[in-house]
Amino acid sequence: MEKLVDRYKKKRKQSMNSKVSSAFLWKFLERIGAQGISFILTIILARLLTPTDYGVVALVTVFISLATTFVQCGFNSALIQKKEISDTDYSSGLIVSIGIAAILYFLLFVCAPQIADFYNVDELIKITRVLALLLFPGAITSIQIAKLTRELQFKPLFFASTSATLASAFIGIFLAWKQCGVWALVAQQVSVQVFSCLFLLLCTRWKLHLVGFKDSVAEMVPFGSRILASNLLVTVFLNLRTLIIGHVYSSDDLGYFNRGKQFPQALMESINGTIQTVLLPVYSRKQDSKKALTRMVRTSVRISNYLIFPVLVGLCCVAEPMIQLLLTDKWLPCIPYIRYFAIAYLCQPTQIATAQAMRAVGDSKTPLKLEIIRKIIEISLLAITVPISVDAIGMSSAICGVLSIAIAMRANEKVIEYSVKEQIADIAEPLVYSLIMALIVIVLSGFVDNNIIKILFEIVIGIITYLGISIVMKSKCLNEAIHLIKHQMGSGH
């Protein structure tokens with residue numbers, strides 16, 4: 001009897017490992033597919049449009065991002081985190097999200113003239129009212145994604161995301177080619193949400209159940225409200241710089257600032273977002289075993305850091321020739337911001353993984369408290385840097401990122417038993433390897449003038465150097481990354 005039980009447990013564990021590996025593969029493909037198309041779209045549109053066009057849309061995006069956070073209400077995370085789920089829970093989340101979307105759209109529609117007056121840009125009235133329409137498909141999509149994520153069904157997400165991004169890219173490029181200016185960006189952003197919603201409707205199925213609606217909402221509200229509060233803080237402060245730069249400085253300055261942020265953000269989200277999105281529902285299944293959860297968190301942090309650090313440090317090295325080649329000289333002022341945000345995003349993998357692990361064990365208070373502390377630091381730095389320059393504001397992002405990870409270490413040790421010493425070790429190894437790689441790349445690339453050859457040369461030298469150091473030092477991170485890739489290749493189908 002005991003042998004049968006052991007065999008059952010072993011098969012169940014193998015099944016879960018296979019499912020996670022398959023999910024990781026499809027999630028990675030989804031990120032790479034969507035980000036790859038977005039990257040090509042960015043290059044084409046940036047060459048056709050002006051920094052001012054991007055700056056104007058960014059002004060409205062601040063308010064749309066806040067509204068989107070309210071629409072989701074933390075219900076998507078609550079749905080993923082719940083141990084037991086029903087169609088009533090999904091239905092409750094959907095109805096509440098759509099209802100909030102309707103209220104917020106009305107408010108944005110009415111307040112559009114005030115937004116335009118605040119920035120002194122009359123065109124923002126129509127732009128706000130059109131761009132806010134994406135709240136409705138976004139409300140539906142957030143629940144669809146929560147269901148598929150919980151079930152580790154990332155294959156449909158891959159096809160939906162890639163197809164939606166591709167379809168919206170054609171719309172954006174066509175309108176930019178027709179010299180529609182800022183409206184090319186508006187149409188692209190709205191259409192990607194609409195297409196994504198439509199494609200996901202074909203992939204997700206559940207019956208609309210209203211029986212037990214109040215009980216379901218009441219059960220998710222405590223957890224969801226704390227997630228909402230935390231996400232609101234993040235969203236407000238992610239967009240606070242945009243709000244201030246757009247009001248105090250020019251749309252051009254805002255366009256350069258946001259373009260500089262976009263490249264490191266896309267790289268970080270492609271790699272770390274894949275790992276963490278797949279592991280959040282797995283964390284929830286491990287919430288009763290803190291030791292197992294801690295081991296999984298450490299592994300995900302090590303792999304994320306090992307993959308992300310050389311990419312972001314390498315981005316700092318190739319920024320200038322890359323911008324000259326891809327976006328032309330008119331975008332050169334965005335280079336310092338690329339480097340500032342690359343440093344800021346280096347600090348995120350550990351923070352994101354540990355925050356999700358805390359939520360998986362039902363502790364949404366600690367991540368909220370940490371977020372409040374981070375934002376106090378951010379406000380203080382902003383107050384100092386806003387009167388100085390946009391460059392100083394960008395630099396404050398990097399400083400804030402470093403301070404934030406230092407503050408979170410003690411909480412990670414207390415809540416999920418991830419010691420400060422272990423956290424430092426998991427950050428130090430890939431960071432040192434990446435800095436050595438950067439030094440060698442900078443020295444050797446000085447002998448190359450042609451931008452295309454220079455970029456390719458820096459990438460090849462960087463990869464050889466980083467892997468070479470890892471092999472010589474017998475890096476545990478490298479072994480874990482190779483093991484994960486092999487496991488995917490074996491079971492990711």
Kindly state whether the ring of Phe257 and the ring of Phe341 have centres lying under 6.0 angstrom apart. yes

Is there a donor-acceptor pair under 3.5 Å between the side chain of Asn305 and the backbone N or O of Asp426? yes

Should the pair Tyr306 and Tyr466 be assigned to parallel (<30°), tilted (30 to 60°) or perpendicular (>60°) ring geometry? tilted

Applying side-chain contact (heavy atoms from CB on, under 4.5 Å), run through Leu267 and Leu315 and close with a yes or a no. CA-CA 9 Å; Leu267 289 171; Leu315 178 63; 3.8 Å; yes

Name all residues meeting the side-chain hydrogen bond (donor to acceptor under 3.5 Å, both in side chains) criterion together with Ser389; count only those two or more places apart in sequence or in a different chain, and write none if there are none. none

Rounded distance (nearest 0.5 Å) linking atom CG of Leu332 with atom OH of Tyr256: 9.0 Å

Between Thr465 (side chain only) and Gly462 (backbone N and O only), is there a donor and an acceptor less than 3.5 Å apart? no

Start with the C-alpha gap between Thr165 and Ser161, add the side-chain angles, then the distance that decides, and say whether side-chain contact (heavy atoms from CB on, under 4.5 Å) holds. CA-CA 6 Å; Thr165 305; Ser161 177; 4.2 Å; yes

Considering non-hydrogen atoms only, spot the tightest contact between Ile338 and Phe263 and give its length. CD1-CD1, 4.0 Å

Mind checking what makes ring-ring contact (aromatic ring centres under 6.0 Å, His included) contact with Tyr418, not counting sequence neighbours? none

All side-chain hydrogen bond (donor to acceptor under 3.5 Å, both in side chains) counterparts of Ser163, not counting sequence neighbours: none

Out of curiosity, Ile244 CD1 to Thr385 OG1, how far, rounded to the nearest 0.5 Å? 8.0 Å

Results of side-chain contact (heavy atoms from CB on, under 4.5 Å) for Thr366 - residues two or more places apart only: Met358, Asp363, Leu370, Ala411, Val415

Going by the side-chain hydrogen bond (donor to acceptor under 3.5 Å, both in side chains) test, which pairs reach into residues 316-339, not counting sequence neighbours? Gln324-Asn451

Could you note down all residue pairs passing salt bridge (charged side-chain N to carboxylate O under 4.0 Å, His left out) where residues 35-55 supplies at least one of them, sequence neighbours left out? none

Quick one: pull up CD1 in Ile407 and CD in Gln351 and give me the separation to the nearest 0.5 Å. 9.0 Å

Across all chains, not counting sequence neighbours, the side-chain contact (heavy atoms from CB on, under 4.5 Å) partners of Pro137 are Gln193, Val194, Cys197

What heavy-atom pair brings Ala184 and Ala176 nearest, and what distance separates the two atoms? CB-N, 3.5 Å

Which distance, rounded to the nearest 0.5 Å, do you find between the CG of Leu48 and the CD1 of Ile43? 12.0 Å

Checking side-chain contact (heavy atoms from CB on, under 4.5 Å) for the pair Leu435/Phe309: CA distance, chi angles, key distance, verdict? CA-CA 9 Å; Leu435 292 176; Phe309 279 29; over 6 Å; no

Please tabulate, for side-chain N and O atoms in residues 436-447, each donor-acceptor pair with protein atoms closer than 3.5 Å (sequence neighbours left out).
unit_1	atom_1	unit_2	atom_2	d
Ser445	OG	Val441	O	2.8
Ser445	OG	Ile442	O	3.3
Ser445	OG	Glu458	OE2	3.0

According to side-chain contact (heavy atoms from CB on, under 4.5 Å), who are the partners of Ser419, at least two apart in sequence or on a separate chain? Glu413, Lys421, Glu422

With sequence neighbours left out, what residues match Tyr345 under side-chain hydrogen bond (donor to acceptor under 3.5 Å, both in side chains)? Gln265

CD (Glu378) and CG (Leu240) are apart, to the nearest 0.5 Å, by 7.0 Å

Flag side-chain contact, heavy atom, 4.5 Å: Pro310 against Tyr433: no

Scanning both residues in full, the closest heavy-atom pair of Pro333 with Pro336 reads O-CD, 3.4 Å

Could you list the donor-acceptor pairs under 3.5 angstrom formed by side chains in residues 391-405, with sequence neighbours left out?
unit_1	atom_1	unit_2	atom_2	d
Asp391	OD1	Tyr340	OH	3.2
Asp391	OD2	Tyr340	OH	3.0
Ser396	OG	Ile393	O	2.5
Ser397	OG	Arg241	NE	3.0
Ser397	OG	Arg241	NH2	3.4
Ser404	OG	Cys400	O	2.7

Where do Tyr54 and Leu185 land on the side-chain contact (heavy atoms from CB on, under 4.5 Å) test, with the steps shown first? CA-CA 8 Å; Tyr54 279 92; Leu185 296 172; 3.8 Å; yes

Compare every heavy atom of Ile64 with every heavy atom of Leu134, then report the nearest pair and how far apart it is. CD1-CG2, 3.6 Å

What distance separates Ile427 CD1 from Gln423 CD, expressed to the nearest 0.5 Å? 7.0 Å

Closest approach of Ala164 and Ser196, non-hydrogen atoms and distance? CB-N, 3.4 Å

What I'd like to find out is whether the side chain of Val420 reaches to under 4.5 Å of the side chain of Arg410, using heavy atoms alone. yes

At their closest point, which heavy atom of Gly246 faces which heavy atom of Leu254, and how far apart are they? CA-CD2, 4.1 Å

Not counting sequence neighbours, which residues clear side-chain contact (heavy atoms from CB on, under 4.5 Å) with Leu41? List them please. Leu45, Ala169, Ile173, Gln188

